[in-house]
Amino acid sequence: MRLLIALLAAAAVSAASSHKEGALRFLARPEGEDAYNRQLLELAAIPSVSALPENHGDLLAAAGWLQRRLEAAGLENVRILPTEGPRPVVYADYLHAPPGAPTALIYAHFDVQPAADTAPLWASPPFQPEVRSGRFWGRGVSDDKGSGVLPPIQALEAILKGGGGGGGSGGPPALPINVKLMLEGEEEVGSPHLEPFLAKYKDLLAADFVLSADGGQIAEDQPGLTLGLRGALALEVELITAQTDVHSGMAGGAIQNPARALAQLLSTMWHPGNSSVAIPGFYDRVRPITDADRDDIIAYNFDEEQQLLGPLGASEAFGEEGYTSLERLWHRPTLEVVGMGSGFQGEGVKTIVPHRAFAKLAARLVPDQTPNEIEALIEAHVAAHLPRACNASIKLLGFKAHPYSQPKDTMPNRAAAKVLTELMGNPPKYTRSGATIPALAAFQQHLAASTTVFAFGLPDSNLHAPNENFPLSMYRLARRAWVELLFELGQQAASGGQGGGDRSEL
Ligand SMILES: *[C@@H]1O[C@H](CO)[C@@H](O)[C@H](O)[C@H]1NC(C)=O
Ligand SMILES: *[C@@H]1O[C@H](CO)[C@@H](O)[C@H](O)[C@H]1NC(C)=O
């Protein structure tokens, strides 16, 4: 019996390798390269800007374009699903893997950042994408249409059309795992409707793990795998002392000044000696930095001057005492004033005592902090330290996300590391980001699935900026990498006997 199973497994592995060869041949067809390039030029020509209502029709046009592309690629159940907001999600799947095979949810987004406001700074018009000196140029050619959305679709098409097997041949289906795709249309505005969408469609989207095609690599020859991102919370504190601004001579010195009161209040939020946050309980749930975390930091080989201070023209690193810059960015939470105002802002002087002052605060959170708990701690702190003769109000600013973290050694991370090492020539570095992708924590919460970031953006691609670009070489590598990854996932799941995915590790 054991021998029979071993023989069957060996047969499956050799069938999978011939399916993979077929898929790679499909990608390498002489007419393929042109067709793939045309696809990106077409999709990036649609100005699917999520921030601007005037581009709403374009967003729908991009969703329609993708629907047709997914159908042509051989994906099934292709649907444009509504969210509670104006921007839909495009869904597709292919669920014919052998019994016990895991299901992957591939995530990417087809909306882009605005570009018309910076059009004069572009060497070619942002929504007339073109190829120059080995790169695509245009808004979205990298983030996320070229580095994220199209390569996995092209890889799936190559497997379904070139991989053989399944259907009439009677052999096992070429695609060794089940795949669902979820293409979002509002990532660039902070995914405000993602959580209710995931809650509503959690059965449709159920998966053993998520593969995010949004994100990037460290360099063309240096892969990275993201193990964590910080969460976020933003709120505004407003102090009001009177019904209107008053004459600073007639009333100054006799009533409270909200700008001064705000400065006093804010000064209680950090320890002056060491820049740590002084809000009681703020650090209670923060996990200690482990030796393994420090090993990843050492391996990353961060050059503070080159990568942090130099580009900013900043004179020295600054932050919570006792931690290095990368520890601060990857593993420690922050509370920052991101905006403040009070009184007369024009040139010259206006002799008033203002009646209102505000500060916008943004926290970046790490495991196991939660935005709701931190919000309550800040509110309690403001109430406890409110200067006399002021009324305070606090409102949330719509930027609220849980932190995200996952272990290094999950099955999909192992598969991704193997593929990236083979294709890019170096093993991946394991990184974290001080920034926030709300989707990853949301997948963990609503689908109980952790996310492997498998995406090909590059640091010098001018994301969100004028002259966004993406190398043709990276576009080519990305679709090849997706073919390799999908087969590697199938193989690891089969050999590990963990068809249902490594749930225990998530
Ligand atoms: C401050 O709050 C008190 C109590 O609610 C209220 O009576 C007063 O009018 C408020 N003052 C201002 C300037 O809003
Ligand atoms: C910073 O200083 C405060 C007050 O002395 C102390 O309670 C806190 O533990 C210090 N934090 C760090 C990170 O040194």
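Every number for a ligand or one of its atoms is a count from 1 in the order of the listing. If you're wondering where the values come from, they're calculated on a predicted model, not measured in any experiment. Below, each value reflects all heavy atoms present in this structure, side chains not excepted, and no hydrogens, waters or symmetry copies.
- Here salt bridge (charged side-chain N to carboxylate O under 4.0 Å, His left out) pairs that include residues 238-254, with residues two or more places apart or in two chains, are Glu238-Arg356.
- Between Asp111 and Arg87, none of the side-chain N atoms (NZ, or NE/NH1/NH2) sits under 4.0 Å from a carboxylate O, so this pair counts as no salt bridge.
- Legend: side chain to side chain donor-acceptor pair (under 3.5 Å) pairs involving residues 189-198, not counting sequence neighbours, sorted by first then second residue: Glu184-Ser191, Glu186-His193, Glu195-His446.
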Using a 3.5 Å cut-off on N/O to N/O, what pairs does ligand 2 make with the protein? A line per pair would be great.
from: ligand 2; atom 1: 2 (O); to: Asn274; atom 2: ND2; distance (Å): 2.3
from: ligand 2; atom 1: 11 (N); to: Asn274; atom 2: ND2; distance (Å): 2.9
from: ligand 2; atom 1: 14 (O); to: Asn274; atom 2: ND2; distance (Å): 3.1

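- Between Arg328 and Glu320, none of the side-chain N atoms (NZ, or NE/NH1/NH2) sits under 4.0 Å from a carboxylate O, so this pair counts as no salt bridge.
- Salt-bridge check for Arg287 with Asp368: passed, with a basic side-chain N closer than 4.0 Å to an acidic carboxylate O.
- Near Asn391, the atoms of ligand 1 lying under 4.0 angstrom from a non-hydrogen atom of the residue are 1 (C), 2 (O), 3 (C), 8 (C), 10 (C), 11 (N), 12 (C), 14 (O).
- For Tyr300 and Trp330, the ring centers sit closer than 6.0 Å to each other.
- Proximity to Ala242 (heavy-atom distance under 4.0 Å) selects the following atoms of ligand 1: 13 (C).
- Screening residues 439-460 for salt bridge (charged side-chain N to carboxylate O under 4.0 Å, His left out) gives Arg135-Asp460 as the qualifying pairs, with residues at least two apart or on separate chains.
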